[in-house]
Amino acid sequence: MRSILVLNGPNLNLLGTRQPEVYGSVTLDMIEGMCVEHAMTLGIQVVCQQSNHEGVLIDAIHAAKGNHQGIILNAGAYTHTSIALMDALASVELPCVEVHLSNIHSREDFRHVSYVSKIAIGQICGLGPQGYTMAISALISHLEEPG
Ligand code: DQA
């Protein structure tokens, strides 16, 4: 069975209470539940992981090779700063879809830069929690028909 890693970065464990005017009221647990349910309808497996630590996220990306066929990544603020995360994604050569709950392009200038985008097959942002399920569908389509 195909397996996808859904990886969330710093501060996303606080969803539900963190700046609800920006990120909404849905918790990370609820988002992960949506991902698991959506994956079931597609006949695939998802494994969800979250960390506030850059090195732990890098280790999770390394460990994905051989265990998962692709990665859904919301790297939080590391999106805009982490060359190390970008290098990890490039190293494992797994297709990655980048997700953001908010529309990073309509926010502060520093959020317009994404190192993840340089490696990701695509980016979904500004659509809230449903961005994750859309990303899973997009990744599965890509795995079935790359290009
Ligand atoms: C975010 C956007 C980032 O700029 C921010 O640092 C986050 C969340 C989003 O999901 O909208 O932590 O990735």
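Residue numbers count from 1 along this sequence.
Hydrophobic clustering (ILVMFWY, side-chain heavy atoms < 4.5 Å, transitive): Ile44 and Leu143 are in one cluster. Grouping the Ile, Leu, Val, Met, Phe, Trp and Tyr side chains by contacts below 4.5 angstrom, directly or via other members, places Val36 with Ile31. Hydrophobic clustering places Ile72 together with Leu127 (ILVMFWY residues linked when any side-chain heavy atoms are closer than 4.5 Å, directly or through intermediates). No continuous path of ILVMFWY side-chain contacts below 4.5 Å connects Val97 to Leu94, so the two sit in separate hydrophobic clusters. Clustering ILVMFWY residues whenever any of their side-chain heavy atoms sit less than 4.5 angstrom apart, transitively, puts Met34 in a cluster other than the one holding Met134.
Counting only distance, with no hydrogens or angles, the side chain of Gln69 and the backbone of Ser3 share a donor-acceptor pair below 3.5 Å. At least one donor-acceptor pair under 3.5 Å links the side chain of His112 to the backbone N or O of Arg107. When atom types are taken as modelled, the side chain of Asn103 and the backbone of Cys125 share no donor-acceptor pair closer than 3.5 angstrom. Within the 3.5 Å criterion, the main-chain N or O of Thr79 finds no donor-acceptor partner in the side chain of Ser82.
By the salt bridge (Lys or Arg N to Asp or Glu O under 4.0 Å) test, Glu108 pairs with Arg111, sequence neighbours left out.
Side-chain contact check for Val116 versus Met86: every heavy-atom pair is 4.5 Å or farther apart. You'll find the side chain of Ile4 stays beyond 4.5 Å of the side chain of Val47, heavy atoms only. Side-chain contact check for Leu85 versus Ile58: some heavy-atom pair is nearer than 4.5 Å. Contact annotation: the side chain of Pro95 never approaches that of Ile71 to less than 4.5 Å [non-hydrogen atoms, C-beta and beyond].
Within a 6.0 Å sphere centred on CD of Gln19, other residues, nucleotides and ligands contribute more than 12 heavy atoms. Within a 6.0 Å sphere centred on OH of Tyr23, heavy atoms belonging to other residues, nucleotides or ligands number more than 12. Atom NZ of Lys65 has more than 12 neighbouring heavy atoms from other residues, nucleotides or ligands inside a 6.0 Å radius.
Closest approach of Leu7 and Ala60 over heavy atoms only: CD1-CB, 4.0 Å. Minimum interatomic distance between Ala84 and Glu54 (heavy atoms only, all atoms of both residues): CB-OE2, 4.0 Å. The heavy-atom pair separating Asn67 from Ala63 by the smallest distance is ND2-O, 2.8 Å. Residues Pro10 and Arg18 approach most closely at O-NH1, 4.3 Å, considering heavy atoms. Contact detail for Ala135 and Val99: the closest heavy-atom pair is CB-CG2, 3.5 Å. Of all heavy-atom pairs between Leu28 and Leu12, the closest is CB-O, 3.6 Å.
Using modelled atom types, one finds a donor on one side chain and an acceptor on the other under 3.5 Å when comparing Asn52 with Gln50. Side-chain polar atoms of His100 and Glu98 form a donor-acceptor pair below 3.5 angstrom.
Distance check: Asp59 CG to Gln49 CD gives 9.5 Å after rounding to the nearest 0.5 Å. Atom SG of Cys96 is separated from atom CD1 of Ile119 by 9.0 Å, given to the nearest 0.5 angstrom. Here Leu57 contributes atom CG and Leu89 contributes atom CG; the two are 10.0 Å apart, rounded to the nearest 0.5 Å. Here the SG-CG distance, from Cys48 to Leu5, works out to 8.0 Å after rounding to the nearest 0.5 Å. With rounding to the nearest 0.5 Å, the separation of CG in Leu15 from CD in Glu32 is 9.5 Å. Atom OG of residue Ser102 and atom CD of residue Glu21 lie 11.0 Å apart, to the nearest 0.5 angstrom.
Between His80 and Phe110, the ring planes are perpendicular. Angles over 60° get that label, and only those under 30° would be called parallel.
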side-chain contact (heavy atoms from CB on, under 4.5 Å) evaluation trace for His105 with Gln123
CA-CA 11 Å; His105 303 289; Gln123 181 195 70; 2.9 Å; yes
After noting the C-alpha distance and the side-chain angles of Asn8 and Tyr132, does the key distance pass the side-chain hydrogen bond (donor to acceptor under 3.5 Å, both in side chains) rule?
CA-CA 11 Å; Asn8 280 286; Tyr132 286 83; 2.5 Å; yes
